[in-house]
Number of protein chains: 2
Amino acid sequence: MKKHNRSRPRKPNRITAEDVAREIGVSVMTVSRVLNKKANVAEGTREKVLHTAMRLGYVPNRIAQSLVTRKSFTIGVIVPEISHSFFPDVIRGIEEVVYTTRYNLLFIHSAEDQKREEAAIQTLEENQVDGILISMAQTVKKYTIYRRVVESGKHIVFYDRCARRLGMSCVSIDDIETARQLTGHLIQHGYKEIAHLSGSLKVSIGRDRLKGYQKALIEHNIAMNDELIVESGFHEMGGYNAMKVLLESSKKKIPRAVLAVNDPAAFGAMQAILDMGYRIPEDIAIVGFSNDVRSAFAPTPLTTVNQQPYDIGRKAAQKLLRHIDNPDEPVEHIIVNTEHIIRRSCGCP
Amino acid sequence: MKKHNRSRPRKPNRITAEDVAREIGVSVMTVSRVLNKKANVAEGTREKVLHTAMRLGYVPNRIAQSLVTRKSFTIGVIVPEISHSFFPDVIRGIEEVVYTTRYNLLFIHSAEDQKREEAAIQTLEENQVDGILISMAQTVKKYTIYRRVVESGKHIVFYDRCARRLGMSCVSIDDIETARQLTGHLIQHGYKEIAHLSGSLKVSIGRDRLKGYQKALIEHNIAMNDELIVESGFHEMGGYNAMKVLLESSKKKIPRAVLAVNDPAAFGAMQAILDMGYRIPEDIAIVGFSNDVRSAFAPTPLTTVNQQPYDIGRKAAQKLLRHIDNPDEPVEHIIVNTEHIIRRSCGCP
DNA sequence: TTGTACGCGTTATCAA
DNA sequence: TTGATAACGCGTACAA
């Protein structure tokens with residue numbers, strides 16, 4: 001029997017299962033069986049294989065393995081943003097779950113860009129990932145691409161930013177409910193003129209937090225005043241400008257409290273409040289949303305809400321793995337509880 | 001001609017190059033050639049292939065591709081920590097470079113654990129990554145595993161935490177030089193009794209920053225006083241305790257300024273200084289290291305240094321890609337410039 | 001318990 | 001310009 005001819009040189013001289021097999025005069029299959037912990041293999045050969053695999057420094061080639069098993073043991077993660085602490089914490093949660101399994105993480109940053117997100121999804125498909133964890137870029141309008149992926153038999157779990165009415169699992173907080181609770185907290189302080197600095201209403205977060213705000217007012221029979229709702233967007237500058245508008249336009253009556261759509265907007269608003277000579281929370285109370293690292297260090301520490309990014313990551317990863325392992329795993333919208341972080345800016349001592 | 005028999009059902013019915021080829025009565029090779037933009041293919045067939053590939057929703061299988069080309073177009077990234085802002089920013093830098101190429105990122109978190117780091121490296125090898133970007137876990141002592149990887153023909157570039165004298169490329173700041181400059185800044189304020197809260201001297205960062213501190217003192221002919229060097233470790237609590245030791249032990253003479261090994265240690269120390277009734281910077285000036293997000297919001301804003309994590313990530317990725325593309329790319333220790341962030345804690349106005 | 005043949009989806013090689 | 005064939009390294013199915 002003529003030995004396999006190794007005429008063509010290989011780039012790095014990687015050890016294959018065949019090398020191990022040849023070394024001890026056994027077939028590749030036996031090596032494969034040992035390394036995959038199949039039962040039907042003699043104890044003696046098992047040890048011999050294990051030993052020489054170790055000695056030769058054999059590293060199984062997952063790529064070849066994936067090709068034949070049609071399973072990559074890889075899950076793709078698409079993240080729209082990495083700068084702030086939220087998504088890194090989500091990633092940490094995902095990692096801690098995935099770490100305990102055989103799966104690996106293919107990581108792509110969409111940078112809040114629909115085009116990049118689409119390219120990312122395509123890349124993940126090309127790499128035959130077993131599932132995808134995705135938080136939508138804010139500019140995304142069309143859901144067709146997600147459908148296409150699912151129809152091709154790939155699992156998707158959304159985290160934080162969900163595409164609704166799409167029949168896919170999703171893990172997020174309940175923005176409406178959380179905004180309702182925060183507003184309720186302000187109302188319990190006795191405040192009645194409560195303003196809302198809303199995010200863009202083109203984004204579900206913006207819409208939902210506004211809804212929660214309105215819901216709380218209605219529940220407490222407080223008359224809605226459209227002048228008290230100003231679109232600030234999600235950043236400091238917008239918060240600053242929106243707050244100025246509030247303080248200047250309604251000269252007769254400034255709001256007694258403010259629900260900002262998130263902490264950055266709240267920071268901007270706080271600056272505007274101070275610049276206009278008002279005190280926080282004595283003249284105007286304010287609460288934020290998202291537990292920005294800076295919120296504890298603001299001149300008046302900001303009351304806000306922790307969105308539990310770590311938990312979101314963990315639960316999303318767990319759900320995806322369950323979808324992969326079990327075709328009958330039900331589609332679910334998992335709500336992660338938020339944690340209110342009460343500081344001085346709302347008027348609490 | 002009998003159609004290929006698809007008797008065995010395939011999991012998700014993925015479209016392959018063969019499907020595209022059969023559709024227009026051409027060979028798989030032609031399809032392959034078109035999709036790889038090879039020159040020698042008739043314009044007519046090229047268009048037909050491209051068109052039906054699109055129509056059928058063909059997605060090339062990178063795994064099969066990798067198997068035959070022995071190139072995965074994947075680079076592995078090992079990160080020791082994700083909680084603080086430094087590493088996420090590094091990742092962002094890596095991503096922005098890699099995004100412009102065909103490469104993908106396989107991401108693993110070592111959680112500062114040597115065992116996990118070793119497992120991570122093994123996983124990356126199994127997945128046939130073309131190169132590895134790694135920041136060593138702090139507990140790592142043995143470099144043998146890195147050598148093993150390189151000998152197997154895989155490229156490694158270290159970032160931030162480098163294994164020296166190992167003949168591998170590395171991208172980091174110059175800790176000695178930066179600590180020297182920071183200490184020099186304190187000296188220029190006229191301070192003479194300058195203490196150093198050092199990190200663990202088992203870690204190169206700890207050793208180097210101490211060296212830079214000593215270098216600056218020597219350059220300015222300031223006598224070294226071992227009592228002024230206290231090991232605080234890298235966290236708030238250690239900084240607090242170390243500072244207390246400094247303020248209590250040397251009762252006769254408290255230090256006029258402090259170089260903390262990093263910002264968290266500085267925060268702890270600042271608390272201790274305030275608790276003991278001293279003022280910052282009037283009684284004791286202090287500088288940190290690493291530009292923690294909180295540093296701008298401390299009661300006395302902290303003078304510190306930005307380690308340019310984004311730049312580190314970018315340059316590390318660029319260097320690795322060059323190593324991969326060019327076997328003759330020289331091994332290099334690339335120094336990223338730091339940026340001094342002057343605030344009030346050092347005594348500057 | 002072990003081995004043989006074959007295929008996973010693609011590219012390299014050589015021939016047509 | 002195109003196609004047939006043989007890998008790439010491994011697992012599945014079946015035979016020995």
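Just so it is clear, the model here is predicted, and its values are computed rather than measured. Each chain gets a letter, A, B and so on, in the order its sequence line appears, and its residues count up from 1.
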Nearest-angstrom distance from the residue atom CZ of A:Arg62 to C1' of D:dC8
17 Å

Hey, does the side-chain of A:Arg33 have a donor or acceptor N/O within less than 3.5 Å of a partner on the base of C:dG3?
yes

Select one nucleotide: of D:dA4, C:dT10, D:dG11, the one nearest the side-chain heavy atoms of B:Gln65.
C:dT10

Closest of D:dT12, C:dT10, D:dT2 to the A:Met29 side chain is D:dT12

A:Ile15 CD1 to D:dC10 P, straight-line distance once rounded to whole Å:
11 Å

Send over the distance from A:Leu67 CG to D:dT12 C1', rounded to a whole Å.
13 Å

Tell me if the side-chain of A:Arg70 makes a donor-acceptor pair with the base of C:dG7, cut-off 3.5 Å, by modelled atom types.
no

Identify whether any heavy atom of A:Ser66 sits under 4.0 Å from a base atom; if not, whether one sits that close to sugar-phosphate; answer base, sugar-phosphate or nothing.
nothing

Could you state the atom-to-atom distance from CD of B:Glu43 to P of D:dT2 in whole Å?
11 Å

Of the nucleotides C:dT2, D:dT12, D:dG3, which one has an atom closest to the side chain of A:Ala42?
C:dT2

Closer than 4.0 Å, any side-chain N/O of A:Asn36 to the OP1 or OP2 of D:dG11?
yes

Which one, D:dG9, D:dG11, C:dT11, comes nearest to the side chain of B:Thr69?
C:dT11

Parallel, tilted or perpendicular: ring planes of B:Tyr146 versus B:Phe158, cut at 30 and 60 degrees:
perpendicular

Determine the contact category for B:Val26: base if any of its heavy atoms lies under 4.0 Å from a base atom, sugar-phosphate if only primed atoms, P, OP1 or OP2 are that close, otherwise nothing.
sugar-phosphate

A:Lys38, nearest nucleotide to its side chain (from C:dT2, D:dG11, D:dT12)
D:dT12

Can you find a side chain N or O atom of A:Tyr58 that sits less than 4.0 Å from OP1 or OP2 on D:dG9?
no

Quick one: do A:Arg161 and A:Glu112 make a salt bridge, cutoff under 4.0 Å?
yes

Report the nucleotide, chosen from D:dC10, C:dT4, C:dT10, that has the shortest atom-to-atom distance to any side-chain atom of A:Ser27.
C:dT4

Looking only at the side chain of A:Thr45 (C-beta and beyond, no hydrogens), which of the listed nucleotides D:dC10, C:dT2, D:dC8 gets closest?
C:dT2

Between A:Phe87 and A:Tyr159, how do the two ring planes meet: parallel, tilted or perpendicular, split at 30° and 60°?
perpendicular

Establish, from distance only, whether the side-chain atoms of A:Glu126 and A:Gln122 form a donor-acceptor pair under 3.5 Å.
yes

Under 4.0 angstrom, heavy atoms only, what part of the nucleic acid is A:Asn40 near: base, sugar-phosphate, or nothing?
base

Check the distance between C:dC8's P and B:Glu18's CD and give it to me in whole angstrom.
8 Å

Does a donor on one side chain sit under 3.5 Å from an acceptor on the other, for A:Ser169 and A:His333?
no

